[in-house]
Q: 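Attaching a single structure in structure tokens format; questions to follow.
A, B, ... follow the sequence lines: proteins, then strands. Residue 1 opens every chain.
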Amino acid sequence: MAGYEICFEPDDRYNAFLTTCKKVTYGPGKLTGVAVAVKDNISTKGIETTCASKILKGYIPPYNAHVVELLMQSGAAIVGKTNMDEFGMGTTTENSAFGPTLNPCDTSRVPGGSSGGSAAAIAGGMVRMALGTDTGGSIRCPAAFCGIVGLKPTYGRVSRYGLIAYANSLEQIGPMGRTVTDVSTLMGVIAGYDRRDSTSYNKPYTHTPRADIKGLKVGIPGEYFGAGVDPKVATVVNSAIGRLEELGATTVPCSIPSMEYALAAYYVTCTCEASSNLARFDGVRYGPAADTKKSWHDAYREVRRAGFGTEVRRRIMLGTFALSSGYYGKYYAKAQVARENVKRDFARIFSEVDVIAGPTMPTVAFKLGEKSDPLSMYLSDILTVPVNLAGIPAISVPCGKVEGMPIGLQIMGRPFEDERVIDVAYAYEQEVT
Amino acid sequence: MTENQVIIGLEVHCQLDTKSKLFCGCSTDYRSDGPNTHVCPVCLGLPGAMPVLNKRSIEYAMRVAKALNCTVLHESEFSRKNYFYPDLDKAYQITQYDKPLAEGGYIEIEGDEGGEKRIRLTRIHVEEDPGRLVHMGNTERGKYSLVDYNRAGIPLIEIVSEPDMRSPKEARKFLNKLRATLEYLSVFDSEKEGSLRVDANISIRGSERVEVKNISSYKGVEKALTFEITRQKSLIRRGQKVDRETRHFLEASGSTQSSRSKEQEHDYRYFPEPDLRPLHVQSWVDGIVLPELPDARRERFIVQYGCSLNHARTLTGELRLANFYEKVVAPDPKGLSALAATWIADTLIGELNYRDMTIDAVDAAGVTELMNLLRQDTITDKSGIDVLRVMLDQRLNPQPCETPAAIVVRLNLAKTAGDTGFLTAAVEEAISQHPTALEDYRNGKSGAINFLMGQVMKKTRGKADPGELNRILTEALKNREV
Ligand SMILES: [Zn+2]
């Protein structure tokens, strides 16, 4: 039945795409003919997949990621690969080797990251849905900054097979869309068991969003409204939570004390894993060929220095250091303890409430170039990384504006209760539109 | 006594003989195919590909653990061993580090001081084999190297011993016993090229330890150890220090060479493989039914076939040899077991080694027939060896193989037993041709009989039964006594 074809020639003024496919054939199915963009760290057979890195320039995967196979089976038209922070390392999509993506709401601002291209493609009206990946907020942050909806599913619910790994134990592929319904529909296509991903669970998603949240208990962690969070953002999010109460939900104050160490645990874990994942890019098999006249040590060093961007090199060095003999116990092992504490805090809170709500990001979208020092950039991930450490589902849904820029309401849920966070976001969305 | 004592510990890597690789579905049967033909995104380490554990390989490793008396741990896990090398496509090897599959255990060998000796094991773990570099040109000034990933992802089991061996001979016995056990378990094929690799730790008591890497044959282990011991002892004798270092074994020269210090400074930055879940397989151990193992089979050969301890040890030391022996004697165990044990253990193995043949190439039915010819006294032992040699040579060449009986007829090897007329004639001829010998005999020189026996043997090309010849010759000489 493959025989339908669409033309895709968008006006990509935001630099959302790294690759566009002009003519796309598609088949019948739940998403037949729907243009879907795919983040450039997800392998697409026959379509260049670079992770927005020079080191993978020209790499054309010989196989499809599991989610890409599922998209194609559902009839979706994969129209292009979207820009991102190199290998997912960033919060603005400025760390792309192929130039930053602009925020369609205000082109002087970043779209968030690292799935900034996917968010801008949706917010700019080029596609209805897109796939992003979320390692420490990379779906939710750009969704919040661009005023769209993005879901970071429970760890293991969507197969990572074919996702070019940055930090395996933290990341998930997830749906992004203009509406909660679209996100829910896309989630229905990509979720489910895949034997090629050993961390995958057999929990398909067959849910249709429901707006009924009467009696729902919503935890409000003090940490999500404290220091570092822009009071104007807090105010907007608080009033959104007020709307949930009007819909019959009750709020319960709560606390996540382990958040104090969450950022450190996150950055140690992700840089350690990244240092190992990215070691294979050595010029022997991908990217610019290593100089074979040199000794292989020298040739590797040269290729890697030239091929990786500054932030990627920084994280590889941090991770390499943290795993070094004599430091493993101080860093990696401690980070795993902190991670367990985060999990335990969430489990404790979820024994009393059904979901947790707060802002997705502490501020509105940054100006391009505003976050020039890495540390202040890392700090902006504070509200998103706990979810990845705990492996729980969380959604960001637009909930108002500050200075004309969109704000995201983040709803976090129990493991494998992606349906519930979808329902809460849907109830809110129905209430305000 | 303990001065100059040699201390040896081994790390043995064996390829597990599974059908598919450790983390993907690619076939492990790559040896006869071209480079990079047994590969997929997973074993090529393509970005985004993920490992899926082959359960069979864990089951194989558990069989080994149980057979070697190890304790399977409640929880084990895979870790990444990070290092750059062109044959390592992910730039890390998935292996087991601080939570191996099993710990403890031992292997019993015949110790140098006689009697059974236990060599303790430290641990057993499972890991993937890297690819292979093929150097074009010589290693010194090679033009370039090619990478073949067919081997990448083949399951390996690493067995680490305690430093319990005291000589290269004990190390060889340890390896032989290990190989036999793995083969009896049907998890390993020693005939496959490169299926075994050994790293050895050697020291002289009181001195630093040296690790010799890269030994890829059974013979190489004994050679490398012997070389190292001589080297270290002569250093000590000259009052020099043995450096703690890693050395490589050079197969061609049988020597070891210091590795460059750069390579020694590896920091593998191990951490748990995030794409695989921890293993909880302890409960499988009870379900594993072990086959008869070398020690048990050795004891059975002694009881059932009346083999000597040495013969039984030799015959059961290799699975194929033990199977071959039982096949040869199966038609008539009572009549053949003693004869076949001697012939196979003492003669056949030597003839095979001389021809660089394996037991697989020998036809068991043919050997049974040969044993019957010997037992029925149709041919002499000497002719038996001739027949065996012809049988083996014919197996080596692309020509039709004859049965032992046919060889006996063609070469006219049948004993002259019963044909006394023929022997008597030969004896008479010899005596008349050598009157001096007869003279010597009459003068009581005992050497004369032996001389005449030799003359007759020569004439009859060894077919004469020595006992019968002796009888006829003695009689003929007696008749000529004056
Ligand atoms: Zn493979």
Q: Among A:Tyr332, A:Tyr328, A:Tyr286, which residue forms the greatest number of heavy-atom pairs with chain B at distances under 4.5 Å?
A: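 Most heavy-atom pairs within the cutoff with chain B belong to A:Tyr286.
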Q: Answer with yes or no after comparing the ring centroid distance for A:Phe321 and A:Tyr327 against a 6.0 Å cut-off, counting only values under it.
A: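 Yes, the ring centres sit under 6.0 Å apart.
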Q: Indicate, with yes or no, if the rings of A:Tyr63 and A:Tyr161 have centres closer together than 6.0 Å.
A: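 Centroid distance A:Tyr63-A:Tyr161: below 6.0 Å, so yes.
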Q: B:Asp89, B:Asn82, B:Leu44: which one forms the most heavy-atom pairs within less than 4.5 Å of chain A?
A: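 Highest number of pairs under 4.5 Å: B:Asp89.
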Q: State whether a side-chain donor-acceptor pair under 3.5 Å links A:Ser159 with A:Asp194.
A: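 Their side chains do contain a donor-acceptor pair, which is all the 3.5 Å distance test asks for.
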Q: Name the member of B:Tyr83, B:Tyr92, B:Phe84, B:Tyr270 that forms the most heavy-atom pairs with chain A at distances under 4.5 Å.
A: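 Most heavy-atom pairs within the cutoff with chain A belong to B:Phe84.
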Q: Answer whether the closest heavy-atom distance between the side chains of B:Pro47 and A:Phe281 falls below 4.5 Å.
A: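 With C-beta onward as the side chain, the pair touches.
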Q: What do you reckon, is CD of B:Glu75 surrounded by more than 12 foreign heavy atoms closer than 6.0 Å?
A: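 Yes, CD of B:Glu75 has more than 12 neighbouring heavy atoms, counting only those of other groups under 6.0 Å.
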Q: Where on A:Cys51 is there a heavy atom nearer than 4.5 Å to chain B: the side chain, the backbone, both, or neither?
A: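 Neither part.
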Q: For chain B, find which of A:Gly162, A:Ser276, A:Ser169 contributes the most heavy-atom pairs closer than 4.5 angstrom.
A: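 Top option by heavy-atom pairs under 4.5 Å: A:Ser276.
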Q: For A:Ser200, which atoms come within 4.5 Å of any heavy atom of chain B: side chain, backbone, both, or neither?
A: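 Just the backbone, heavy atoms under 4.5 Å.
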Q: Is A:Asn277 close to chain B through its backbone or its side chain, or both, or neither, when contacts mean heavy atoms under 4.5 Å?
A: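 Answer is both: backbone and side chain atoms of A:Asn277 are under 4.5 Å from chain B.
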Q: Does a donor on one side chain sit under 3.5 Å from an acceptor on the other, for B:Asp275 and A:Ser198?
A: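 Their side chains do not contain a donor-acceptor pair, so the 3.5 Å distance test is not met.
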Q: Which bit of A:Thr199 is near chain B, if near means a heavy-atom gap under 4.5 Å: side chain, backbone, both or neither?
A: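 For A:Thr199, backbone and side chain are both near chain B.
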